[in-house]
Amino acid sequence: YLNSSGGWSLALASAAATSTGSLAVAVGTNSTTHGMCLRGFVNPFTDPSAGTGNPVYLSDTSQGRFISTAPDTSGDIEVA
């Protein structure tokens, strides 16, 4: 997510402050050097076990990770 300092930080579904603003996916290992994907298609670093074209969600336990099922803990933000 785009943090208040203008840099990028890892998002988490259980923290509304990190999952309701501008979200992007890192294109490489360094967002400053390699950039961020704000629109388009991405190939996630880890396999969220979702089929091609199916939605993925922010994890509510691991920052910066996708999961294939919507988070189900009270207060989680569902960003698909």
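The first residue of the sequence shown is numbered 1, and numbering continues consecutively from there.
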For [X] and [Y], which heavy atoms make the closest approach, and how far apart are they?
| X | Y | result |
| --- | --- | --- |
| Thr32 | Asn30 | N-OD1, 2.8 Å |
| Leu23 | Trp8 | C-CZ3, 4.4 Å |
| Tyr1 | Leu10 | CE2-O, 3.4 Å |
| Met36 | Val27 | C-CG2, 3.8 Å |

| query | Quick one: does Ser5's side chain have a donor or acceptor within less than 3.5 Å of a partner on Gly7's backbone? | reply | no
Straight-line distance of [X] [atom1] to [Y] [atom2], nearest 0.5 Å:
| X | Y | atom1 | atom2 | value |
| --- | --- | --- | --- | --- |
| Asp60 | Arg65 | CG | CZ | 14.5 Å |
| Asn3 | Ser22 | CG | OG | 11.0 Å |
| Ile67 | Tyr57 | CD1 | OH | 9.0 Å |
| Thr20 | Leu58 | OG1 | CG | 10.5 Å |
| Ser19 | Leu12 | OG | CG | 7.5 Å |

| Any link between Leu2 and Leu38 through a network of hydrophobic side chains (Ile, Leu, Val, Met, Phe, Trp, Tyr) touching at under 4.5 Å? | yes
